[in-house]
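Scope of the values below: all heavy atoms of this structure, side chains included, with no hydrogens, waters or symmetry mates. Values in this document were obtained by computation on a predicted structure and should not be read as measured data. Along the sequence shown, the residues carry numbers beginning at 1.
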Amino acid sequence: MKKIFLLLVLFSAQLFAQYTTPNTGVNWSLDDLVTNSGGVVTGSFPNYTINQKVIVSVNDQVNVLPGSVVTFTAATSGFEVNGIFQAIGTAADSIVFTSSVPDSTGYYEGFRFNENTSANVSTISYAKIFYADYGFRCISVSPVLSNSHLFKCGRGVQLSGSNATIQNNVIERSYEYAITMTLGSSPLIENNYLIKNNTRGVSALNQISIGLQGNNSPIIRNNIIEGGESVPTGGISLWVSGASASSNAIIEGNEIFNNSFGMTLLSSSNGVINAVVRDNIIYNNNINPNAQVSGSGINVNGSPFNQPVITRNIIYGNWWGITIQNGTTVQPGPQPNIGNIENADTTDDGQNIIFNNIQGTNVYDMYNNCTNDIYAQNNDWGVYDSTLIENNIFHKVDNPAHGLVIFTPFSGPIPVELVSFTAIVTGTSVQLSWSTASETNNVGFEIERSVISNGVRNLTWEEIGFVEGKGTSTEIQNYSFTDQNVVSGTNAYRLKQIDFDGSFTYSNLIEVEFILPVEFVLEQNYPNPFNPSTKIRFVIPKEVRNLKNFSSQASRNDNMLVTLKVFDVLGNEVATIFNEYQPAGIYEVEFNASSAAGGLSSGVYFYKLRAGNFIQTKKLLLLK
């Protein structure tokens, strides 16, 4: 009996032991792991189960195909990559990594990439990573994470000595940080949507946390950082400690709102910070009710070696606009450059818009809690009189122990006063409307769009049109623009108002939900009659199906052959306008009668759309 028990124990240990690939240069799929892993990986495409850790050896590569659904069943399961790991899905056919236990603190180990030159080409793209302890962990290696959705992981991304690329992802409801880095990491963090992370909520485990040791120069660009889950959680924190440590971070173009604070830059033990903070929109970071410990749009804290340049930001609706401090006592501290037009450098000329950072009835657009003076020239404070600005700044004038805030000269009111901006869905398009109360030297407005589709936000703003302004006007002016190429999902729009001197400002963004029609649509050509060209719009509807062995319903836009042809009144084909495999969407094509074979004469013609079993014909008229 003892022998039988011992055999069972040995068999069980072997069954659930981790698996290491052979390190012989293999290039394997998950099916290959099923064959060779001795039960650690089971299943067949598209559904796989991983029962323990899989270690990818230095000389080996593992690939995961689009459409794969991988379920991890043990807390110690996951991928540890010393070689190359490629999990590259598509927008229509993503890869799912999930858990048998939906543990919002992180159930299985997740993905760990270890130092190895070849591992830098590892990529996870168009994937859904749910319930991992570490969604994406990199140690002295710099792989790519893109176009993916990390949901309820212990930590979304953790970097140590890594220059990884983190682009176009949604990182949502992590138990602790969305993205954290240390030991000299300088990643590119761009176009991500970070929302309601740090569900643990017991301390300031911020959505993006940089530091503590080493030199770093991360680029944090064009991200949306939305809080609201826990009171302590801030947007971005940068901490540099020690005189031999430094940061040249670039933090630009981000939208940061509804957090405990927007951004904090901390230098301890004379850590050197020469960060550039520019073109961010930082607002309503006031979810912590205790304004004495949080609520700054930007907080600059610590030693005099903390010297960031802060320019062209919009900061409003926080408990505090910009705060400068060295701990809790009034002493020499950071020397941020918030606007200095007295030097030859034109990259630090202020141009921030700081207003309505309010506690009760008191406005604190800037608070200097140090003894040193702070330059904050050429900024727009929302009021345009030095006495009124003075009322909204706390510095030497309010308490002689504090340093000055040098805020004169200040900039005047914005050249264009936007009073409304709306979006309405009309059929297969979106109608944008906006009004201005006054304009000064207004060239016009670029219309920009960004899209959330299938839960993933494409944070790259795309210019979709331009509307000329009225130059200089003191009367209300009304404008409109129609977006006729709307993408299914949530469409975000903003206006880029441009002056004659080339300077520009952005409006707040607005969002509108657009859902593809469930039926085919072939619209009447426009113009009609025409000569020699006309445009034809049509809609391929979205199909939804249940994916087997997956708990939620997922959409898949299967490409179908779409043809659009022109016929004469005798039924003869005279032109093929469109003949391609296409996914669901809205399409607009141009037909030029002069480019048809031999050219077309005046008369009545018919255009026919065929897509799958759908066929529809409409009439068009060519008049020369």
Quiz prompt | ring pair (Phe, Tyr, Trp, His ring centres under 6.0 Å) partner of F97, the single match among Y108, F111, Y107, F130 | solution = F111
Practice problem: Might you point out which heavy atoms bring N254 and N222 nearest each other, and give the distance in Å? | Solution: OD1-N, 3.3 Å
Quiz item: What do you reckon, is CG of N290 surrounded by more than 12 foreign heavy atoms closer than 6.0 Å?
Solution: yes
Self-check item: Exercise: do Q431 and T482 side chains pair donor with acceptor under 3.5 Å
Solution: yes
Quiz item: More than 12 heavy atoms of other residues, nucleotides or ligands under 6.0 Å from CZ of F45: is that the case?
Solution: yes
Exercise. Would you check if N491 and V430 make a side-chain contact, meaning some heavy-atom pair closer than 4.5 Å?
Key: no
Quiz prompt | Closest approach of L150 to G135 (non-hydrogen atoms, all atoms of both residues) | solution = CD2-CA, 4.1 Å
Quiz item: Between S125 and S146, do the side chains contain an N or O donor and an N or O acceptor separated by less than 3.5 Å?
Solution: yes
Self-check item: Heavy-atom neighbours of I476 CD1 exceed 12 at 6.0 Å
Solution: no
Quiz item: Strictly by modelled atom types, are Y175 and N197 linked by a side-chain donor-acceptor pair under 3.5 Å?
Solution: no
Practice problem: Applying side-chain contact (heavy atoms from CB on, under 4.5 Å), run through I322 and I354 and close with a yes or a no. | Solution: CA-CA 8 Å; I322 299 177; I354 311 170; 3.9 Å; yes
Quiz prompt | Test of ring centre spacing under 6.0 Å for F578 and F538 | solution = yes
Quiz item: In terms of heavy-atom contacts, does NZ of K618 have more than 12 from other residues, nucleotides or ligands at under 6.0 Å?
Solution: yes
Quiz item: Would the number of heavy atoms belonging to other residues, nucleotides or ligands and lying under 6.0 Å from CD of E468 be above 12?
Solution: no
Quiz prompt | Which atom of I540 lies closest to which atom of A611, heavy atoms considered | solution = CD1-CB, 4.1 Å
Quiz item: Is it true that the side chains of S411 and D380 contain a donor and an acceptor less than 3.5 Å apart?
Solution: no
Quiz item: Under 3.5 Å, is there a donor-acceptor pair linking the side chains of N259 and T233?
Solution: no
Quiz item: Can you find a pair of side-chain heavy atoms, one from L159 and one from C138, that are under 4.5 Å apart?
Solution: yes
Quiz item: Which is it for Y134 and F136 under the ring pair (Phe, Tyr, Trp, His ring centres under 6.0 Å) test, yes or no, and what are the steps along the way?
Solution: CA-CA 5 Å; Y134 292 93; F136 191 77; over 10 Å; no
Quiz item: Side chains of N163 and S142: do they bring a donor and an acceptor to under 3.5 Å?
Solution: no
Quiz item: Would you say V277 and M263 make side-chain contact, with heavy atoms under 4.5 Å?
Solution: yes
Quiz item: Looking only at heavy atoms, which two atoms of G201 and S230 are closest? And how far apart?
Solution: CA-CB, 3.5 Å
Quiz item: Under 3.5 Å, is there a donor-acceptor pair linking the side chains of N313 and N280?
Solution: yes
Practice problem: Salt-bridge test for K535 and E590: reply yes if a basic N is under 4.0 Å from a carboxylate O, no otherwise. | Solution: no
Quiz item: Do we see a donor-acceptor contact under 3.5 Å between the side chains of E172 and Y193?
Solution: no
Quiz item: What about the rings of W319 and F261, do their centers lie closer together than 6.0 Å?
Solution: no
Quiz prompt | R155 with D133: basic N within carboxylate O range, under 4.0 Å | solution = no
Quiz item: For P143 and F113, which heavy atoms make the closest approach, and how far apart are they?
Solution: CG-CG, 4.0 Å
Exercise. Among N441, T436, T440, find the one that has a side-chain contact (heavy atoms from CB on, under 4.5 Å) with V416.
Key: T436
Quiz prompt | Parallel, tilted or perpendicular: ring planes of F85 versus F79, cut at 30 and 60 degrees | solution = tilted
Quiz item: Would S185 and S162 count as having a side-chain donor-acceptor pair, cut-off 3.5 Å?
Solution: no
Quiz item: Does a side chain donor of either N318 or N286 reach within less than 3.5 Å of an acceptor in the other side chain?
Solution: no
Quiz item: Do the side-chain N and O atoms of Q359 and Y364 include a donor-acceptor pair separated by under 3.5 angstrom?
Solution: no
Quiz item: Between T323 and S296, does any side-chain donor sit less than 3.5 Å from a side-chain acceptor?
Solution: yes
Self-check item: Atom of Q582, atom of V562 and distance for their closest heavy-atom approach
Solution: CB-CG2, 4.4 Å
Quiz item: Between K470 and E439, is the closest basic N to carboxylate O distance under 4.0 Å?
Solution: no
Quiz item: Do the side-chain N and O atoms of Y493 and E511 include a donor-acceptor pair separated by under 3.5 angstrom?
Solution: no
Self-check item: Gap between atom OG1 of T180 and atom CD of Q158 - 0.5 Å precision
Solution: 5.5 Å
Quiz item: Which one of I189, L238, I210 satisfies the side-chain contact (heavy atoms from CB on, under 4.5 Å) criterion with P218?
Solution: I210
